[in-house]
Protein chains: 2
Amino acid sequence: MSLRFALLGLLARESLTGYDLTKRFDSTVGFFWSAKHSQIYPELANLTQEGLVTYELVTQTSKPNKKVYTITEEGRAALRAWIDTPGDRRTVKDPLLMRIWVVGMVDPNLALRQLREVSAEYEKRGAALEQAELEARAAGADRPTPDNMGLGAFMTLRCGLLQHQAYREWLNWSIAQLERVVEATAKAGV
Amino acid sequence: MSLRFALLGLLARESLTGYDLTKRFDSTVGFFWSAKHSQIYPELANLTQEGLVTYELVTQTSKPNKKVYTITEEGRAALRAWIDTPGDRRTVKDPLLMRIWVVGMVDPNLALRQLREVSAEYEKRGAALEQAELEARAAGADRPTPDNMGLGAFMTLRCGLLQHQAYREWLNWSIAQLERVVEATAKAGV
DNA sequence: CAGCACATGTAATTTGTTACATGATTGC
DNA sequence: GCAATCATGTAACAAATTACATGTGCTG
């Protein structure tokens, strides 16, 4: 039930198309929410019908036409009401950790391959996040003042960064652990 | 599709009932996987039918009877095959962060209430995690040797701990940020 | 000329949640 | 006596993924 609020939340900052929203969900806010376009478009239709958003059809020549969605006053009210609602808890599904859980019963090299793959992704994405934080600070988004509309985005970005760092740290530590296991196995095998 | 592998993974370490599995999913492995009993029981039935697990019916007098599930050799093989499968990525849904994202448009006190509530939970759970890590170390689960069957569980626990610490750190920082906003608002309001 | 970015949608299927259903024992 | 723990299941509903469907223009 909170996809609608995620959409309203994103639209509360800026008007966007369904396509833009989809991109947000797998980049900027991807670390705390995600959704595919096939889920987003129907929900936008619902929100429109309920009057929580409106859209303007923008005709384009060199690209497909698009619908730019804007949150309405009712939409903002609904969002505000939701904020003060007893919070559903965070959920995580991490198949990598599930694989690590059973690492004792498989060739540690298999797990290592997966860890290294994920690690490479995280290194890349980590750099992008750090860059984003610097830019946000430069833009003054970190000022804790009531007029600073960018503070919320900055705070979530900061959370993403800390989480990301912790995960990277763990990845590196894990890789080192399993490398030692592999070494020990090689020695015993000879 | 990976609930089945999560179940097989848990059963690879020890034989458990559906009820036990449910508890694991909202405590020990809860930070990287979760499922309700209504999803678990039918999946156990499927796994039984496919021969990946078997169960033994244990009759009890002072408690309801139970089915203790054990992974089969085929089950272990299926799990091993899955480990080396191209990994689905981690997904997160965090309604708290969604609320923070839009904090600029609401009374920061509302957000503060939510943050403090979550913070209290995290402090409590953090202590439990730290305790668990100490015990695991004492039991030698941290040795990176091929014979150490507990290493996988220790590694995931460590990940949980690091993630948890990062989140707590962020919660405290966030609370401080919003307190400053509230102060600034009070000053301006007078 | 192949593949990607843009852009929006629907249909089929799989996952996951909430609610319904039952029932004994133990601790407060 | 009332709530919690133990224990297993089904049914109804909501949420999410994968696949189907279409079409232009730019870039390598």
Side-chain angles (χ1 to χ4, degrees), chain A residues 1-8 15-27 29-30 32-50 53 55-69 82 85-95 98, chain B residues 1-7 15-27 29-30 32-50 53 55-69 85-95 98:
Chain A
M1 205 59 226
S2 16
L3 170 65
R4 63 187 315 116
F5 298 109
L7 292 170
L8 290 173
S15 293
L16 295 165
T17 66
Y19 187 82
D20 294 327
L21 287 162
T22 308
K23 281 195 299 179
R24 294 284 183 290
F25 281 129
D26 42 50
S27 60
V29 303
F32 69 85
W33 207 275
S34 59
K36 312 267 172 183
H37 75 277
S38 55
Q39 206 188 351
I40 294 167
Y41 288 115
E43 192 60 42
L44 283 171
N46 294 339
L47 291 170
T48 307
Q49 212 173 0
E50 294 169 44
V53 303
Y55 67 87
E56 194 199 351
L57 209 143
V58 178
T59 330
Q60 298 182 122
T61 45
S62 71
K63 286 177 199 171
N65 297 341
K66 62 183 177 180
K67 295 178 178 176
V68 179
Y69 287 86
W82 174 73
T85 263
D88 328 311
R89 289 300 162 238
R90 174 186 149 93
T91 58
V92 182
K93 296 265 156 105
D94 192 338
M98 200 64 244
Chain B
M1 203 59 224
S2 16
L3 170 65
R4 63 186 315 118
F5 297 109
L7 292 170
S15 293
L16 296 165
T17 66
Y19 187 83
D20 294 327
L21 286 162
T22 307
K23 281 195 299 179
R24 294 283 183 292
F25 281 128
D26 41 50
S27 60
V29 303
F32 68 85
W33 208 274
S34 60
K36 312 266 172 183
H37 76 276
S38 55
Q39 206 189 350
I40 293 167
Y41 288 115
E43 191 62 40
L44 284 172
N46 295 338
L47 291 170
T48 306
Q49 212 172 0
E50 294 169 41
V53 302
Y55 67 87
E56 194 198 351
L57 209 144
V58 177
T59 329
Q60 297 182 123
T61 46
S62 71
K63 287 177 199 171
N65 297 341
K66 62 182 176 181
K67 294 178 179 177
V68 179
Y69 287 86
T85 262
D88 328 311
R89 289 300 161 240
R90 173 186 151 92
T91 58
V92 182
K93 296 266 157 108
D94 192 338
M98 200 65 243

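Protein chains get the first letters and strands the later ones, always in sequence-line order, with residue 1 at the start of each. Nothing here was measured: the structure is a model prediction, and the numbers come from that model.
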Whole-Å distance separating the CD1 atom of Ile40(A) from the C1' atom of dT17(D):
13 Å
For Ala35(A) and Gln39(A), work out which heavy atoms get closest and say how close.
CB-OE1, 3.7 Å
Does dA7(C) have OP1 or OP2 under 4.0 Å away from a side-chain N or O of Lys66(A)?
yes
Mind checking the CG-NZ spacing from Leu44(A) to Lys67(A)? Nearest 0.5 Å is all I need.
9.0 Å
Interatomic distance where NZ belongs to Lys93(A) and C1' belongs to dG16(C) [whole Å]:
7 Å
With heavy-atom distances below 4.5 Å as the criterion, would you say the side chains of Leu7(B) and Phe25(B) are in contact?
yes
Verify the contact: side-chain N or O of Lys67(B) to OP1 or OP2 of dG9(D), cut-off strictly under 4.0 Å; return yes or no.
yes
Check whether any side-chain nitrogen or oxygen of Gln39(A) sits under 4.0 Å from OP1 or OP2 of dA15(D), and answer yes or no.
no
Counting just side-chain N and O atoms, does Tyr19(A) come under 4.0 Å of either OP1 or OP2 of dT8(C)?
no
For His37(A) and for Ser62(A), locate the closest nucleotide of DNA chain D by heavy-atom distance; then report the residue assigned to the nucleotide nearer the 5' terminus.
His37(A)
Please name the pair of heavy atoms, one in Trp33(A) and one in Ser2(A), separated by the smallest distance, quoted to 0.1 Å.
CH2-OG, 3.6 Å
Between CG of Leu57(A) and C1' of dT8(C) the distance, given in whole Å, is 11 Å
OP1 or OP2 of dT8(C) versus the side-chain N and O atoms of Thr17(A): is any pair under 4.0 Å?
yes
Between Lys63(B) and dG23(C), is there a contact of a side-chain N or O with OP1 or OP2 at under 4.0 Å?
no
On the nucleotide dC6(C), are OP1 or OP2 found under 4.0 Å from the side-chain N or O atoms that Gln60(A) carries?
no
Selected nucleotide, minimal atom distance to Tyr69(A) side chain, candidates dG9(C), dC6(C), dA11(D):
dG9(C)
Could you state the atom-to-atom distance from CG of Asn65(A) to C1' of dG25(D) in whole Å?
14 Å
Please report the distance, rounded to the nearest Å, between CG in Leu3(A) and C1' in dT17(D).
13 Å
Of Thr91(A) and Gly18(A), the one whose closest nucleotide on DNA chain C sits nearer the 5' end is Gly18(A)
Within this structure, what is the CH2-to-C1' distance between Trp33(A) and dA15(D), rounded to whole angstrom?
10 Å
Whole Å only: how far is the CG atom of Leu21(B) from the P atom of dA7(D)?
12 Å
One should read off an interatomic distance between Lys66(A) NZ and Leu16(A) CG, to the nearest 0.5 angstrom, of 10.0 Å
Send over the distance from Tyr41(B) OH to dA21(C) C1', rounded to a whole Å.
14 Å
